[in-house]
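Just so it is clear, the model here is predicted, and its values are computed rather than measured.
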Amino acid sequence: MDDNATYKTRPWIPIGIALAVVVFLGLGGLMVMRAESHTNKIALVDTPKGVTVAQARAAQFRSSRNYVGAIEPWLEASVGPQLVSAYVDTVLVRPGSVVKRGDVVATLDCRNTNAGSQMIAAEARAVEARQRAIADESARLQALLDGGFVSSNEAEQKLAQSNAAQAQLDEQRAGLAKNSLAVNDCVLRAPFDGEVATRTTDPGAFLRPGGTVASIVDRSIVRIVGQAPEKDFEVVAPNTKVAVHLVATNEDLDASITRRSPRADFATRTVEFEIDVADPERRLPVGTTGEIRIDVGQPIPTTEIPFRAGSVRGNKVTLFVVEDGIAHSRVVQ
């Protein structure tokens, strides 16, 4: 059977093929239209954007300097032996303990030092007795010398022995005084009225000269110590008013610079200045941070806007100004 006969007996085949082609082309066209409908034909830079508006207002601006300072005690001392090496016998204080000048902070086991001191004292008494006897004998020989009963050489030798014994006695007394200092060094006392800041040694530890048992601070007056660049030397002059924010207690106080170093640090090229703050109740913790602000120059008129309304870079700010309902970018001082 030929093809023409097939088409005549089955006429729906070409019609179906044609309909399938039409449907396929229609679906393709719909997909193209749908894709193009989601494509933005307008550049983003030309698209209007919604913004919020903040009212600018006239204000006064005054330049300031900000420094970070450390709160230090008026006095601070590390208590420990200066002359002897010994084991720690007792430690009588803890951090926060209040002490008076002369109070015992700790004691050392100085039995060897005490024994040495007693030995030197005994030797000094023996030398003193021998020197007294020689001195008396020398005085008697001097009296006999005047009557011609002894030779001058014998009298001079006895006088020399007396002087040598006196020198030996002086040496023993100096050694006893030195050893007494070592004995006194075995009882560690507070050098001033204050509070115990740290306890670094417990009983049983071995200490050498220069070691530390505890540290004591006096907080009746605290010093806020700051460092300023050398170009701000005149800014931190004494009696300059400052505002201080105490980080530890979250409080603000007004004060004045008390003193300023006359020279800058060689390494950092910064000038140290101090602010004295009376604290009779001892509320302020030392070793903490104080943020120092100093106003400089004279106030000048300016325009005030919210911080989020501008982008600051260096000494300029980029912001948007609304004109005729349209926001325009501006860069101003």
Side-chain angles (χ1 to χ4, degrees), residues 60-80 82 93 95-101 105 188-201 209-300 312 314-315:
Q60 295 287 326
F61 171 77
R62 188 176 185 183
S63 180
S64 63
R65 300 287 190 274
N66 295 301
Y67 310 102
V68 177
I71 301 177
E72 301 291 345
W74 183 251
L75 294 175
E76 182 173 9
S78 296
V79 179
Q82 301 178 13
V93 295
S97 300
V98 178
V99 295
K100 297 292 184 181
R101 177 185 175 92
V105 175
L188 306 178
R189 301 179 182 274
F192 49 78
D193 297 348
E195 302 162 277
V196 177
T198 59
R199 168 174 163 161
T200 55
T201 306
T212 301
V213 174
S215 63
I216 299 176
V217 296
D218 177 10
R219 294 189 299 159
S220 58
I221 298 177
V222 297
R223 301 175 297 115
I224 304 176
V225 182
Q227 305 286 338
E230 57 183 343
K231 66 178 182 179
D232 289 346
F233 183 77
E234 293 299 331
V235 175
V236 295
N239 301 320
T240 301
K241 301 294 183 182
V242 300
V244 182
H245 176 71
L246 305 177
V247 176
T249 58
N250 195 29
E251 60 180 301
D252 299 313
L253 57 88
D254 295 326
S256 300
I257 295 177
T258 307
R259 64 190 67 85
R260 175 192 61 189
S261 174
R263 60 172 295 176
D265 184 85
F266 283 125
T268 62
R269 290 294 186 259
T270 56
V271 179
E272 183 175 297
F273 62 95
E274 294 184 355
I275 304 167
D276 290 348
V277 178
D279 186 22
E281 298 179 358
R282 297 177 173 85
R283 298 183 306 104
L284 304 180
V286 296
T288 56
T289 304
E291 299 173 351
I292 306 169
R293 182 175 60 83
I294 304 177
D295 293 328
V296 297
Q298 297 297 324
I300 58 175
V312 180
N315 60 352

Worked check of side chain to side chain contact (heavy atoms under 4.5 Å, CB included) between R293 and D295: CA-CA 7 Å; R293 182 175 60 83; D295 293 328; 2.7 Å; yes

Next on the checklist: Run D254 and K241 through side chain to side chain contact (heavy atoms under 4.5 Å, CB included) and show every step you take.
Outcome noted: CA-CA 7 Å; D254 295 326; K241 301 294 183 182; over 6 Å; no

Between E272 and V225, does a side chain to side chain contact (heavy atoms under 4.5 Å, CB included) hold up when you go through it step by step? CA-CA 7 Å; E272 183 175 297; V225 182; 3.6 Å; yes

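The 12-atom threshold is not exceeded at CZ of R101, counting heavy atoms of other residues, nucleotides or ligands nearer than 6.0 Å. When the shell of 6.0 Å around CD of Q82 is examined, it contains 12 or fewer heavy atoms from other residues, nucleotides or ligands. Atom CD of Q60 is surrounded by more than 12 heavy atoms from other residues, nucleotides or ligands within 6.0 Å.
In plain terms, the two heavy atoms of T200 and A214 that are nearest each other are OG1-N, 4.1 Å. In this structure, A190 and V105 approach most closely via the heavy-atom pair N-CG2, 3.7 Å. Closest of all the heavy-atom pairs between P191 and A77 is CG-CB, 3.8 Å. Between I71 and G290, the shortest heavy-atom distance links the atoms CG1-N, 4.5 Å. Closest heavy-atom contact between D276 and T258: N-OG1, 3.0 Å. V217 approaches A197 most closely through the heavy-atom pair CG1-CB, 4.0 Å.
How far CZ of R223 is from CZ of F273: 13.0 Å, rounded to the nearest 0.5 Å. Rounded to the nearest 0.5 Å, atoms CD1 (I292) and CD1 (I224) are 6.0 Å apart. Rounding to the nearest 0.5 Å places OG1 of T270 at 11.0 Å from CG of D232. The CD atom of E72 lies 9.0 Å from the OG1 atom of T288; values are rounded to the nearest 0.5 Å. In this structure, the separation between NE2 on H245 and OG1 on T289 is 10.0 Å, given to the nearest 0.5 Å. Going from atom CZ of R219 over to atom CD of E281 covers 11.0 Å, rounded to the nearest 0.5 Å.
With hydrogens and angles disregarded, a donor-acceptor distance shorter than 3.5 Å links the side chain of D279 to the backbone of L284. Within the 3.5 Å criterion, the main-chain N or O of S78 finds no donor-acceptor partner in the side chain of T212. At least one donor-acceptor pair closer than 3.5 Å links the side chain of R260 to the backbone N or O of F233.
With respect to R259 and E274, a salt bridge is recorded, a charged nitrogen being found less than 4.0 Å from a carboxylate O.
Residues S220 and R282 have side chains in contact (heavy-atom distance under 4.5 Å, counting atoms from C-beta outward).
Just one residue in the list V99, L188, V79 forms a side-chain contact (heavy atoms from CB on, under 4.5 Å) with V93, and that residue is V99.
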